[in-house]
Each structure stands twice: as C-alpha cells, then as structure tokens.
Colleague: 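First the structure, then my questions, so here it is.
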Amino acid sequence: MVRLRARLARSQNTLGKGLLDLLSRDRLDDDTWDEIEETLITADVGIAPTQAMVQDLRTQVKVLGSRTPDEVRALLRKELLIQIGADLDRTLHVQPHGERPAVVLVVGVNGTGKTTTTGKLARSLVGDGRSVVLGAADTFRAAAADQLQTWGDRVGAEVVRGPEGGDPASVAFDAVAKGTADKADVVIVDTAGRLHTKTGLMDELGKVKRVIEKKATVDEVLLVLDATTGQNGMRQAQVFAEVVDVTGIALTKLDGTAKGGIIISVQRELGVPVKLVGLGEGPDDLAPFDPEVFVDALLG
Ligand code: GDP
C-alpha cells in the first residue's frame, strides 16, 4: 500500500490552505466567515457538517483572541480531526476465524472502483502473506468477472466466478466454500452495484449476505465511494448504507480531486469510518486511512 502522506502532498489540496489563509486574517468579520463557509462547501464538506464546523471555529477563535499562525494551524488541525472522527476504530476485519476465512463484502455503485479496490486489497493481503479468494458476484456484466480475474491473476488470488446472468448469491456462496475448503485466510466478494430500486438492491445484497452466512461470518462490509462524485455520490452511498450494515468506507479516486472535504462529509453523514483510500489505478495505490496524516497533508 502506498504512503498516504507522500501521495496526498502531491495532490493539490485547496481545503487546508484556503482555510488557513482565511482564519489568519486580522479581522474575522461576517464576510470572512461566509468565505470560510463557502470554502468548506466547495471542498465537498456538505452543508450540515460545514455549519457545525463554522460554529465550532467561531467559538474557538473567540476563546483564542489574538492569533499567531501556529495557533491558527493548531486550532484548525484540532477541529478537522474532531470532524473526521480521529478516534473512530478503523480496523479492517480480515482476521480468519480458526479454519474459516474472514469474509469481506465489497458494495457500492458501479464505476466507483469496487473491482479495483477488491484487487488492490487482495494485493495488499497477499503481500502480507495471506491467501485470498475473490468472488465475482457481479454477474450482470460479463466484463466485471473478467476484470476481477485479471486482478486475481495479477496479485496471486484465486477467483471464483459464475455464469453470466447467474445468481450473485450463489457465486458468493461458492467463493466462501472454496475459501473454506482451501483454508484461505480471506474471501473478498465483489458485488454488483446496480442502483435500480432500493428494494431490489436490498433484496440482492440481503440475499448475498444471508447466503454467505450459511457458511461463514461476514466480517467487513466495505462501501466503495468515489471521492470525485461529491455530494451526489454521497446520496447514492446513503442508499447502500440504508440497505446493508456497512462497517467501513473505501474512498476511491482521492488522487483525482482537490476536495478533501468529502472525508468529513462521509464520516458525519454516513456515520461509518473511512478505512481505506484509493490514490490511483495501480495495484499498490490503496492506503489505510490515517486521520492525522490526512489532516497534516491538508494543512501542508
Ligand atoms: P466498479 O464498477 O465499481 O467495479 O469500478 P472499477 O473498479 O471498474 O473502477 C472504475 C474506474 O475507476 C476504473 O477505470 C479504475 O481504474 C478507476 N479507479 C478505481 N479506483 C481508483 C483510484 O483510487 N484512483 C483513480 N484515479 N482511479 C481509480
């Protein structure tokens, strides 16, 4: 996995610098607070979290009185860490249970980076000496299973696939069965992200989960969210979070946006910790999310 800091430092980030500049002004009048609010919203922080943050910052600044650049930085750093939920548990649950593999379900809208994230996660686990089985439960698109197969071949993970148009739950079941028979450490199931109707989605994902649970425990449900889709993507992600118990977010394409505020939005509006971030298309472009490193990169 890549080093988060080095990679983020390279992506130009407007949020941290913009806020630092504004908060360092001699006079913080209403116009400046409006600008601060605008900066946060433009950086995809979302309306409600922005308002909470501005209120907090206003109070803190009042308490502080005069401000040196270091004090402003420290204040903003602290506030961002609070908003990001610095002390949330971000453990990725990938520990096998004795002879049974850990099971990770990867869900989210098509195109967000589910298959790529599945491949990268497998790569990192294999790199740590674990054996991994991948389940191609997106049976609706022929290319999806081929794409996962390519990742499997590339990173050294077995891929279980079914017939095109087959039952996703049955592929998920077979993948878990294969993982159990082979005494694999982790099974990662890549699902279809068709957002047709909420009930349809619920039925589909619910069935996949129930069927897996006949054989194993689902340890982690990773919701993949594309950072470049901003608030629109957030709304779609919310639908997934409503139909399945999401345990972690993988925020992809963070390399493609300068709007780091989406991290705050995700955390506050979905109530689920970001556990992984995608920083490119390559096999090693995945990093565990570390709030401190992220905030320090934002503030430069
Ligand atoms: P899926 O339909 O959700 O399975 O999405 P894919 O895994 O096929 O990804 C869709 C596109 O996004 C592909 O072109 C990926 O290479 C690209 N992608 C996925 N993750 C990242 C990332 O973190 N950064 C960048 N720049 N591209 C990504």
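Both backbone and side-chain heavy atoms feed into the values below; hydrogens, waters and symmetry mates do not. Nothing fancy with the numbering, it's 1 onward along the sequence. Both counts, for ligands and for their atoms, begin at 1 and track the order of listing.
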Colleague: Consider every N or O of Gln147 and every N or O of ligand 1, then say whether any pair is closer than 3.5 Å.
Modeller: yes

Colleague: How does Val109 reach ligand 1, if at all, at less than 4.0 Å between non-hydrogen atoms: by side chain, backbone, both, or neither?
Modeller: backbone

Colleague: Is the number of heavy atoms from other residues, nucleotides or ligands within 6.0 Å of CD (Glu213) greater than 12?
Modeller: yes

Colleague: Could you say whether the N/O atoms of Leu254 and ligand 1 ever approach to under 3.5 Å?
Modeller: no

Colleague: Among all protein heavy atoms, pick the one closest to atom 7 (O) of ligand 1 and tell me residue, atom and distance.
Modeller: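 Looking only at protein heavy atoms, the one closest to atom 7 (O) of ligand 1 is Thr116 OG1, 2.5 Å.
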
Colleague: Got a salt bridge between Arg130 and Asp128, using NZ or NE/NH1/NH2 to carboxylate O under 4.0 Å?
Modeller: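 Between Asp128 and Arg130 there is no salt bridge, as every charged N stays at least 4.0 Å from the carboxylate O atoms.
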
Colleague: Using non-hydrogen atoms of the residue, decide whether Gly280 is closer than 4.0 angstrom to ligand 1.
Modeller: yes

Colleague: Could you pull out all donor-acceptor pairs under 3.5 Å where a side-chain atom in residues 156-175 meets a protein atom, sequence neighbours excluded?
Modeller:
unit_1: Arg161; atom_1: NH1; unit_2: Asp146; atom_2: OD1; d: 3.4
unit_1: Arg161; atom_1: NH2; unit_2: Asp146; atom_2: OD1; d: 2.6
unit_1: Asp167; atom_1: OD1; unit_2: Ala169; atom_2: N; d: 3.2
unit_1: Asp167; atom_1: OD2; unit_2: Lys207; atom_2: NZ; d: 3.0

Colleague: Look only at interatomic distance and state if Asn110 has a nitrogen or oxygen under 3.5 Å from any nitrogen or oxygen of ligand 1.
Modeller: no

Colleague: Judging by distance only, is a nitrogen or oxygen of Thr115 under 3.5 angstrom from one on ligand 1?
Modeller: yes

Colleague: Could you find the nearest protein heavy atom to atom 2 (O) of ligand 1 and give me its residue, atom name and distance?
Modeller: Gly111 N, 2.7 Å

Colleague: Is it the case that ligand 1 has an N or O less than 3.5 angstrom from some N or O of Glu281?
Modeller: yes

Colleague: What is the closest protein heavy atom to atom 5 (O) of ligand 1, and at what distance does it sit?
Modeller: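 I find the closest protein heavy atom is Gly113 N, 3.1 Å.
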
Colleague: Just which atoms of ligand 1 are under 4.0 Å from any heavy atom in Arg141?
Modeller: 2 (O)

Colleague: Among protein heavy atoms, which lies nearest atom 24 (N) of ligand 1, and at what distance?
Modeller: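 The protein heavy atom lying closest is Asp255 OD1, 2.8 Å.
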
Colleague: Can you tell me which residue and heavy atom of the protein come closest to atom 3 (O) of ligand 1, and the distance to 0.1 Å?
Modeller: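 Ranking protein heavy atoms by distance from atom 3 (O) of ligand 1, first comes Lys114 N, 2.8 Å.
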
Colleague: Test your reading of the structure: does Lys253 have an N or O sitting under 3.5 Å from an N or O of ligand 1?
Modeller: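 Yes, since at least one N or O of Lys253 sits under 3.5 Å from an N or O of ligand 1.
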
Colleague: Could you tell me whether Thr112 approaches ligand 1 through its side chain, its backbone, both or neither, with non-hydrogen atoms closer than 4.0 Å?
Modeller: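 The answer is both, backbone and side chain.
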
Colleague: Using a 4.0 Å heavy-atom cut-off, which part of Leu279 comes near ligand 1: side chain, backbone, both, or neither?
Modeller: backbone

